[in-house]
Structure formats: structure tokens, C-alpha cells
Amino acid sequence: MRIIVFSKNRACQLELLLRSLTEQMADSSQLFISVLYFADTPEFTQGYATVQSLFPDVHFVEEEKNRSLNQQLLSLLQMKEMELLTYLVDDLVFINSFSLSDPPFQQFARDPDIAAISLRLNPNVTLCQPQGKSYRPPPLDSNNVWRWKPKEKILNACLDKWKLLKYFRPRGDWAHPMYVDGNVWRLGEYLDYFQDLPEVRKVTKLEPAMSALPMQSPKMVCYPKPRIVNLALNRVDSVYDYPCGEEDANDLNDRFLNGERLSYHHLKKQTFSSCHIIQKARWLEPKSE
């Protein structure tokens, strides 16, 4: 599987993401990981250099602000021929073990109508934290497959299509298959789709651009419990005013450069009502000499 991670001024959180991934995934040798990162200061750049030294097999690329994101991503997408693709963001944490042979991946391989696998969503998710609204999950079958897109014959038969979309189309985090927080696509399909996207200048604009033009396969599949969760410790970009913690990015980076590492033991095997959680940072106990 091809993984591309987006990161800005969060080397400390990126290290936790990569560490939790390697600890929770037994077949992590089947991954090819790139990190597309941006650092505002020399200290943040030093943080990324530290992460790179800890994960030498991960491919690091600094984001070029004067080059379209489409061009940069296309170079990364074409770098390694793989079957699957997922984007991750640096505040994600892997909290449950998973494998490319798990039932959702098998279901995805069998059913071409499934657009993507969600590693975050699960039947317990009822709160869309960025919107601050609760939505009932859509009907899921016994394999945790749901339709994000109504059947055309139902849509055509409905006189009030807006009413249909409001009441029968999943909303919130269930609404479409194009999130950059751990949705898994078929790489070949995604490449064809990606080349028709309009130009995207910033990482923060990628998900809205994809959401506006989603893939047309009408289904998605998820796990019964989340494999990843967004640990929203702080905000490093002012584009969106979503709820998050107030941990200072400079303080996190300083502690990381001083050898401290974030802990995620308290999150393992947990189930949450939202894909995003706000908690104070917890740190690993120093190892005794």
C-alpha cells in the first residue's frame, strides 16, 4: 500500500503516527511511505530531520510553496507502483492492530462498487467534531458496508430530490469517500480520478476539492472499531476553525527535540463517538538507564 502523509510543524505528532503504525500493523513491510512536510522555522526543520533519522525507510519530501500541489502529489503517486493508496495527516494515531488481509480489505477487493475503506469510521461514530453536529450513521450491512450515494432509480423516482438527499444521504463524516484521514483507495483508480481534479495550491484545499468531485462508486466499508483516530492536540493552520486542543506547536517540538515522546497507550483499543478527539498530550515515561 502507498501511504502519503501530510505534515506541517508537527514532527512530534508525526513520530507518534509512524511509531503507532509500525507497532499496530504486522505487515508494515508491504507499505511505501512518503511524508510531504512543511516547516516554518529551523527548529521545526530539525524536528523533521530527527523523525527521518528514526524512520530511515520513510521517504521525506519538503513541500514546495511555489509549485502546485497536484504536480508534487503526482510525482509521489507515480513513484512506487502499488495496489492501494491512502493519505494520512500528522495528528492521526493508530490505536488498533490491522492488516491488509483484514475483512474490510477482502471486501474491498471483491466489490468494485466500494469506492474506499475508511480506517476511522465505525458504527459508533455519531459526532462530526469539525462541524460540532451529531448525525446518525447510515445503515451498515453485516460486512460494515454502506451506501454513501443513493441509488439512481430512487433519486429519479423522488419528486423532491433535495429532501431525499437531506434525509437519505449520509452526512457528516459518513458523507463521501474522499477524506485525507485514512481512506484507502485503489491506486490505479485514484490516479485516473486525480488527473481530472482542478489545480490545488495548498494541502488544506485538497480534501475540499476532492469532496466537491467525489469518486462515483456508491459504497464504502469500515471496521467495526476504528483503526485510527485524529488526536487533535493543536491547530497549525488557520484556514479552518475546527475544535482542537491548545498544545503549543513550539513546545511540543522542543520537548520532542529534547528526547520526549508522546504516548498513545491510553487510546489503544478504545472506541469513540467521533473521529476526532481532544485531549491533553501524554508523554512516555523516561526509560531508566
Under 3.5 Å: donor-acceptor pair, side chain of Arg227, backbone of Arg120: no

Heavy atoms of Pro170 and Trp148 approach each other most closely as CD-O, 3.5 Å

Roughly how far, to the nearest 0.5 Å, is the CD atom of Glu81 from the CZ atom of Phe32? 13.0 Å

Taking atom CG of Leu284 and atom CZ of Arg282, what is their separation to the nearest 0.5 Å? 12.0 Å

Has the side chain of Asp113 got a donor or acceptor atom that lies under 3.5 Å from a matching backbone atom of Lys219? no

So Phe108 and Arg186, do their side chains get closer than 4.5 Å, heavy atoms only? yes

Ignoring hydrogens and angles, tell me if any N or O in the side chain of Arg67 forms a donor-acceptor pair with the backbone of Lys65 under 3.5 Å. no

Taking Arg147's backbone N and O only, do any of them form a donor-acceptor pair with Trp174's side chain (distance below 3.5 Å, no angle check)? no

Are more than 12 heavy atoms, taken from residues, nucleotides or ligands other than Glu83, located less than 6.0 Å from that residue's CD atom? no

Quick one: does any side-chain atom of Asp102 pair with a main-chain N or O of Pro104 as donor and acceptor, under 3.5 Å? no

Inter-residue atom distance Cys12.SG - Asp90.CG, 0.5 Å rounding: 10.5 Å

Give a yes or no on whether the backbone of Leu76 and the side-chain of Arg2 come within a donor-acceptor separation of less than 3.5 Å. yes

When you measure from the side chain of Tyr48 to the backbone of Asn9, do you find a donor-acceptor pair of N or O atoms at a distance under 3.5 Å? yes

Side chains of Glu15 and Thr50: closer than 4.5 Å at any heavy-atom pair? no

Report yes if the side chains of Leu84 and Leu187 come closer than 4.5 Å at any heavy-atom pair, otherwise no. no

Are Gln279 and Leu267 side-chain neighbours, meaning at least one heavy-atom pair lies under 4.5 Å? yes

Separation of His176 NE2 from Met220 CE (nearest 0.5 Å): 9.0 Å

Look at the rings of Phe105 and Phe98 and say which category their plane angle falls in: under 30° parallel, 30 to 60° tilted, over 60° perpendicular. parallel

For the pair Glu247 (side chain) and Lys280 (backbone), establish whether a donor and an acceptor sit closer than 3.5 Å, ignoring hydrogens and angles. no

With the side chain counted from C-beta on, respond yes when Leu73 and Leu206 share a heavy-atom pair under 4.5 Å apart, and no when they do not. yes

Donor-acceptor pair, distance only, cut-off 3.5 Å: does the side chain of Asn70 make one with the backbone of Pro198? yes

Check: Leu21 and Ser28 side chains under 4.5 Å, non-hydrogen atoms: no

Tyr193/Tyr190 under ring-ring contact (aromatic ring centres under 6.0 Å, His included): CA gap, chis, key distance, verdict: CA-CA 5 Å; Tyr193 160 84; Tyr190 183 83; 5.6 Å; yes

Does Glu43 use its side chain to pair, donor to acceptor, with the backbone of Asn253 at less than 3.5 Å? no

Is the shortest side-chain heavy-atom distance between Asp237 and Phe38 below 4.5 Å? no

Nearest-0.5 Å distance, CG of residue Leu119 to CG of residue Asp181: 10.5 Å

side-chain contact (heavy atoms from CB on, under 4.5 Å) test vs Gln107 passes for just one of Ile117, Asn144, Val145, namely Val145

Out of curiosity, Lys133 NZ to Leu127 CG, how far, rounded to the nearest 0.5 Å? 12.0 Å

Hey, are Tyr264 and Glu23 close enough side-chain-wise for a donor-acceptor pair under 3.5 Å? yes

Is the shortest side-chain heavy-atom distance between Asn234 and Asp248 below 4.5 Å? no

Specify the closest pair of heavy atoms between Ile3 and Val5, including all atoms of both residues, with the distance to one decimal. CG2-CG2, 3.9 Å

